[in-house]
Structure formats: structure tokens, C-alpha cells
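Worth knowing before you read on, the calculation uses all heavy atoms, side chains too, and leaves out hydrogens, waters and symmetry mates. Because the structure is predicted, anything quoted here is derived from the model rather than measured.
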Amino acid sequence: MSAEFPDFRLGTVLATSFTATLTERHGDAVERIPAPHRLVDWLAVNGLAVDSCTAAQLELARELRESIHAAATAAAIQDALPASAVQVINDCSAQGRAAAILTPEGERRWRLNPASCVEDALGVIAADAISIIAGERDGKLALCASPTCRAAFFDTSQSRTRKWCDMNTCGNRQKKARFHANQRKNPRSPE
């Protein structure tokens with residue numbers, strides 16, 4: 001990735017990986033798709049390559065991202081889904097034209113046709129969000145325990161007790177903070 005843009009946080013769940021294009025929502029927010037070409041990059045990395053993106057399509061993508069985040073957060077805390085978020089997710093899902101295909105390895109992938117546009121890719125992301133929020137997949141929605149992050153993530157761990165959206169970022173940061181706090185409380189005695 002270019003040094004001028006922050007790296008993408010990539011996960012195994014398309015919809016929650018998409019919401020991770022805005023991180024540290026309750027701290028110093030980091031926008032990982034600040035320009036249309038970065039959305040094109042993110043979509044390509046996630047198997048949804050499109051040729052171009054306009055500023056209006058980027059705004060639609062951000063609206064979908066925030067709607068998924070709002071609905072996933074509500075689902076994680078077992079609250080009512082925000083009607084406006086549900087509407088955006090449903091509209092994006094209905095607008096998309098992509099086909100689910102089966103790979104020789106037995107995995108589902110999405111195929112966009114050569115004339116596909118950003119809206120088609122957003123339709124795939126919206127459909128993925130619907131399957132997660134509706135509880136159709138094995139796992140549970142949870143919120144990152146980091147007070148500055150609070151990202152919604154899909155926990156597929158065996159115990160369903162994962163605390164962090166990403167152990168390499170939020171989890172590691174919290175472990176380091178705990179370690180340093182313990183070091184300050186219990187300094188080594190000089191020998």
C-alpha cells in the first residue's frame with residue numbers, strides 16, 4: 001500500500017472488514033478509503049474489482065459502511081436495528097448485480113461482470129451484512145473491547161468470547177497498556 005494512505009485492515013468477513021475502513025471511531029478516527037481510488041483498491045483486494053469510482057459512489061459506500069456499522073452494533077448489543085440503516089443496506093443489496101459462484105475448492109465467491117460498477121460490489125457487501133445481522137451464519141456479532149475502537153466484528157471463535165476486532169492492533173495495544181500499567185505498579189527492585 002502507498003505510504004500516504006493507511007493500510008487496510010482485512011478480515012475474513014466481508015461486511016465487517018468493510019466497516020473497518022474507518023477505524024478508531026471513538027478516538028482519532030482513521031479513514032482508510034479517503035479517496036475514490038482507495039475504494040477501488042479495497043474492492044480489488046476483496047475480490048470485487050471494479051474499474052473506477054466516482055466521488056458520489058464513494059459517498060454511497062461510506063453511507064453503506066456506516067449503516068452496516070450501526071446495524072451490526074445494534075445487533076451485537078441486542079438493540080433494535082436502526083430503520084434508516086436497514087433501509088440503506090436493503091437498497092444497496094437490491095441495486096447490486098453480482099452472481100455467487102462456487103470455486104473448485106467448494107467456496108463461494110462473487111463474480112462481477114466486466115461492466116460492473118461500484119454499486120454491484122456494494123450489493124455484495126450489503127448481502128453479506130444481511131446474512132450476518134440476520135443470524136444466518138455460524139458466529140456472533142460483538143464489539144471491540146477497545147474504548148477508542150468499538151468496531152463491530154463477527155466472532156467465529158469456538159467459545160464466542162473474542163474481545164478484540166483484531167488481536168494484532170486493538171488486542172495488542174490493550175495488552176501492552178496492561179503490561180506497562182503493571183510495570184508501574186510493581187517496579188522491579190534494584191539488585
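Looking at Arg38 and Glu31, no side-chain N of the basic residue comes within less than 4.0 Å of a carboxylate O on the acidic one, giving no salt bridge.
Here Asp128 pairs with Arg137 under the salt bridge (Lys or Arg N to Asp or Glu O under 4.0 Å) rule; sequence neighbours left out.
Nearest approach of Leu64 to Ala126, heavy atoms of both residues: CD1-CB, 4.2 Å. Among all heavy-atom pairs drawn from Ala98 and Leu112, the shortest one is CB-CD2, 3.5 Å. Across all their heavy atoms, Ile101 and Arg111 have their closest contact at CD1-NH2, 3.7 Å.
In this structure, the side chains of Leu141 and Ile133 come closer than 4.5 Å at one or more pairs of heavy atoms. For the pair Gln57/Glu119, a side-chain contact is recorded, criterion being any heavy-atom separation below 4.5 Å from C-beta on. Within the 4.5 Å cutoff, no side-chain heavy atoms of Asp138 are placed close to those of Thr156. Residues Thr23 and Arg32 are in side-chain contact: their nearest non-hydrogen atoms beyond the backbone lie under 4.5 Å apart. Looking at heavy atoms from C-beta onward, Leu122 lies in side-chain contact with Phe18 at the 4.5 angstrom threshold.
Each of Leu22 and Ile125 belongs to its own hydrophobic cluster when Ile, Leu, Val, Met, Phe, Trp and Tyr are linked at side-chain heavy-atom distances under 4.5 angstrom. Ile130 and Val13 end up in the same hydrophobic cluster when Ile, Leu, Val, Met, Phe, Trp and Tyr side chains are linked at under 4.5 Å.
Aromatic ring centres of Trp164 and Phe153 lie farther apart than the 6.0 Å criterion allows.
Note that the SG atom of Cys53 and the CD atom of Glu59 stand 9.5 Å from one another [nearest 0.5 Å]. Put simply, CZ on Arg109 and OG1 on Thr103 are 6.0 Å apart, with the number rounded to the nearest 0.5 Å.
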**Asked** Which is it for Glu66 and Arg25 under the side chain to side chain contact (heavy atoms under 4.5 Å, CB included) test, yes or no, and what are the steps along the way?
**Response** CA-CA 11 Å; Glu66 296 312 303; Arg25 291 169 182 270; 2.5 Å; yes

**Test log, rule side chain to side chain contact (heavy atoms under 4.5 Å, CB included), inputs Cys117 and Val50** = CA-CA 6 Å; Cys117 60; Val50 297; 5.7 Å; no

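The environment of Gln158 atom CD is sparse: at most 12 non-hydrogen atoms of other residues, nucleotides or ligands sit within 6.0 angstrom.
At least one test fails for Arg162 against the ring of Phe154: distance under 6.0 Å to the centre or angle within 45° of the axis.
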Output a table of donor-acceptor pairs, distance under 3.5 Å, between side-chain atoms of residues 74-90 and any protein atom two or more places apart or on a different chain; print 'none' if there are none.
from	atom 1	to	atom 2	distance (Å)
Gln87	NE2	Asp91	OD1	2.8
Gln87	NE2	Asp91	OD2	3.4
Asn90	ND2	Val86	O	3.4

